[in-house]
Amino acid sequence: MMGWLPQVVRLRKIHPGVLALRASLIGFLLLPLAFKGYFLYLATEAALLGLAAVALSFLLGHGGIPSLGQAAFLGLGGYAVGLAIREGLPLGLGLLLAPVVAGAYGILSGLFVFRTQGIFVLMLTLAFGQMVYSAAYKWTSLTGGDDGLSLSQLSVNPVFLHVGAVSALAVAILILRHLLRTPYGKTFEAIRQSEVKARSLGIAAFWHKLLAYTVAAALTGLAGGGLALHRTFVSPHDLFWLTSAVLMVMVLLGGSRGLWGGAFGAILYTFIQAWVSSFTELWGLFVGLLLIFAVLFAREGLWPILERRLGGGNAGP
Amino acid sequence: MALLLLTQLLNSLAFGMLLFLLALGLSLIFGVARVVNLAHGAFYLLGAYLGLALTQALGSFWVSLLLVPLLVGLLGVSVERLLLRGLHGRELEQVLLTIGLGFVLADLLRAWFGASIRSVPPPAELSGPLILGPLIYPKYPLFVLATGLLLFLLVRLILARTPFGIQVRAVTTDPAMASSLGIRPTRVSLATFGLGSALAGLGGVVGAPLIALAPGLDAQMTLFALIVVVIGGLGRIEGAFFGALLVGLVDGFGRLFFPQIAMFLIFALMALVLALRPEGLLGRRGT
C-alpha cells in the first residue's frame with residue numbers, strides 16, 4: 001500500500017564480524033598512506049585492479065557472464081585518459097571520458113555477444129577484447145603503437161590518487177551490492193540461474209545482461225583511466241588477454257560471489273605478483289599456474305570462507 | 001594484376017587450410033568433450049617448435065611431421081585424463097584451465113626457444129618455385145593446401161564410415177543416449193582430445209614454414225581458430241572447413257587491398273555472421 005514510499009530503513013543485519021572484515025579490507029588499503037613509497041604504489045595498483053575485478057565479479061558471480069575481454073575496457077579507459085591529456089583537456093574530463101568510452105564499447109560489443117549463450121559468450125568477449133588490442137597496436141598515429149603513450153609530464157599527487165582509487169572501489173562495491181538487491185538485480189540473478197525459465201516468464205534477458213555488461217565495462221574503464229594516471233603510461237601490452245585472465249584469477253581467488261572477494265583477490269594477487277616478479281621473468285607461467293590452481297582448488301574463493309568464519313556461518317553473500 | 005590476384009588467392013587458400021587444421025581440432029574436441037580448448041594455439045606453437053627442433057636433430061622434415069602430432073596428441077590425452085576429467089560438466093572451469101595451460105606452455109616455449117622470431121625453411125623437396133606457364137609460385141603453400149584438403153576428406157570419411165567416427169557423432173549429438181547404447185563417452189572424448197591436439201601439432205609442423213614462429217603466435221592462432229568456428233559453426237567439420245576458407249580469403253585479400261585494417265575485416269565478418277546467424281553459417285541451433 002505504501003510501496004511508493006522510498007525505502008529508508010533496511011532491516012538486514014550484517015554480522016559485526018563480517019562488517020569488521022570488510023572494514024579492515026578498506027583499512028588495509030588506506031594503511032600505506034602512512035608509509036608512502038613502493039607500498040603505496042602497490043596499494044593504489046591493487047585498489048584500481050580491485051575495481052576492475054569487482055566489475056568482473058558482478059558479471060561472473062551474479063550474472064553468470066564469463067567475460068574474458070575486460071582488458072579491452074581497462075585499455076580503452078587508459079587510452080581515453082591518455083589521449084585527453086595529450087590533447088590538453090582537463091584531467092577531470094579525461095576521467096569522465098574513460099568510463100564513457102569503455103561503456104560505449106561495452107554496449108557495441110554486447111549487442112553481438114549476447115546473441116549467443118554459455119561458453120560462446122566467453123569466446124566472443126575474448127574476440128572483441130583482442131580486437132581492441134590489435135587496434136591499439138596497429139593504429140600507431142593515435143595510440144603510439146608498440147611504444148605506448150607516456151604521460152610522464154603529468155604529476156598527480158600519489159596520496160590524492162590513492163584516496164580516490166580506494167573510495168572509487170568502496171563506492172563501486174556498495175552501489176553494485178545495492179543494485180543486486182533491487183528488482184533489477186534479483187532478475188539478473190534469476191537469469192543466471194535459468195535463462196530459459198526467466199525468458200518464459202517474459203523477462204528480456206538480453207537487455208538485462210547488456211545493461212550489466214555496460215555498467216561493468218564503464219567501471220572497468222574508470223579503473224583503466226586511474227591505472228593510466230597511476231602508471232603514467234599506457235601500453236598496448238596491457239590490453240592483451242593475459243590481463244583479462246589476470247582479472248579472472250583475482251575473482252576466482254577471492255571468490256566471485258558477493259563482490260568483496262574480487263577486491264580481496266586483487267590485493268592478494270598484486271602483492272603476490274610483486275613478490276614473484278622479484279625473482280622470475282616468467283610472467284605468463286606464473287599467471288597460468290595460478291589460474292590452474294584457482295580452478296582446481298579454490299572452488300568458491302577465499303573471501304566467502306573468511307566471511308563465514310567470522311560471521312558464525314550464516315553470513316549472506 | 002590477374003597473376004597477382006591468383007597468387008594471393010593461393011596464399012589465402014593455403015592459410016585457410018592451415019586454419020582449418022586448427023579449427024577442426026577445436027571443433028571436434030568441443031563437439032565430443034564439450035570443452036573449448038583455449039590452449040589450442042599453444043599446442044600449435046608447441047608443434048611448430050617441436051617440429052623445428054626434431055627436424056634439426058633428425059635431419060628430416062617428414063619424420064617430425066609424423067612424430068610431432070603423436071607427441072602433441074599424447075600431451076592432449078594426458079591433459080584430458082589428468083586435469084579436465086575431474087571437472088567434467090563444468091564448462092567455465094574447464095575453459096579457464098585450458099587458458100592457464102596455454103599461458104604456461106607458451107611461456108615455457110619462450111623460455112626454452114627464446115623470444116626471437118624464427119622463420120623455418122621448408123624441406124628441400126618442397127622449397128623453390130613451381131613454374132606453371134606465366135605463374136611462378138612456391139611449392140610449399142601448395143603442399144599445405146593439399147594437406148588440408150586431404151585431411152578434410154579423410155576426417156569426413158572417418159566420421160562417416162568407421163565405428164570410431166560413428167561413436168564420435170553419437171556422443172556429439174546426445175551423450176546420454178550414446179552411453180545408454182553402450183558407447184563410453186569418456187573413452188571417446190579421450191580419443192577425440194588426442195586427435196584434436198594431434199591436429200593442432202600437425203598444424204604447427206605444417207604451418208611453421210608458412211608463418212614465422214614468435215612468442216604471441218599461440219594467442220593469435222587460438223583467436224583465429226575461435227573466429228573460424230564462430231563463423232562456421234561449432235561441432236561440424238564442414239563448418240570449420242568453409243569458415244576457415246572464408247577467413248583465409250578475407251584475411252588474404254584484406255591484406256592485399258586494405259593492409260591497415262585487414263584484421264578488422266575479419267572481426268567485421270564475425271560480427272556480421274553473429275548478427276545474422278548467431279549459431280554460425282553451418283551451425284545447428286542449440287549446440
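What you see below is based on every heavy atom in this structure, not just the backbone, and it leaves out hydrogens, waters and symmetry mates. Just so it is clear: chains get the letters A, B, ... in the order the sequence lines come, proteins before strands, and each one is counted from 1.
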Under 4.5 Å from any heavy atom of chain A - which part of B/Ala106 = neither
Side chain, backbone, both or neither of A/Ile119 within contact of chain B (heavy atoms, under 4.5 Å) = both
request  = Answer whether the closest heavy-atom distance between the side chains of A/Leu291 and B/Val104 falls below 4.5 Å.
outcome  = no
query = Where on B/Leu92 is there a heavy atom nearer than 4.5 Å to chain A: the side chain, the backbone, both, or neither?
reply = both
inquiry  = Does any backbone or side-chain atom of A/Leu285 lie under 4.5 Å from a heavy atom of chain B? Answer side chain, backbone, both or neither.
reply    = both
task = Can you tell which part of A/Ala135 gets under 4.5 Å to a heavy atom of chain B, answering side chain, backbone, both or neither?
result = both
key: Toward chain A, the part of B/Leu223 with a non-hydrogen atom under 4.5 Å   = side chain
ask   = Looking at B/Leu105, B/Val36, B/Thr98, B/Ile266, which has the largest count of heavy-atom pairs under 4.5 Å with chain A?
value = B/Val36
request  = List in chain and number order the residues that pass side chain to side chain donor-acceptor pair (under 3.5 Å) with B/Glu91, two or more places apart in sequence or in another chain; answer none if no residue qualifies.
outcome  = none
ask   = Checking heavy atoms, do the side chain of B/Leu97, its backbone, both or neither come under 4.5 Å from chain A?
value = both
inquiry  = Sort by residue number and list every residue of residues 236-249 of chain A having at least one heavy atom under 4.5 Å from chain B.
reply    = A/Phe240, A/Trp241, A/Leu242, A/Ala245, A/Met248
inquiry  = Give the interface residues of residues 123-131 of chain A toward chain B, defined by a heavy-atom separation under 4.5 Å.
reply    = A/Met123, A/Leu124, A/Leu126, A/Ala127, A/Phe128, A/Gln130, A/Met131
remark   = Between B/Ala111 and A/Leu282 the two heavy atoms that sit nearest each other are CB-CD2, 3.7 Å
ask   = So which bits of residues 64-79 of chain A come within less than 4.5 Å of chain B, counting non-hydrogen atoms only?
value = A/Pro66, A/Leu68
inquiry  = Need one label for A/Leu111: side chain, backbone, both or neither, based on atoms under 4.5 Å from any heavy atom in chain B.
reply    = neither
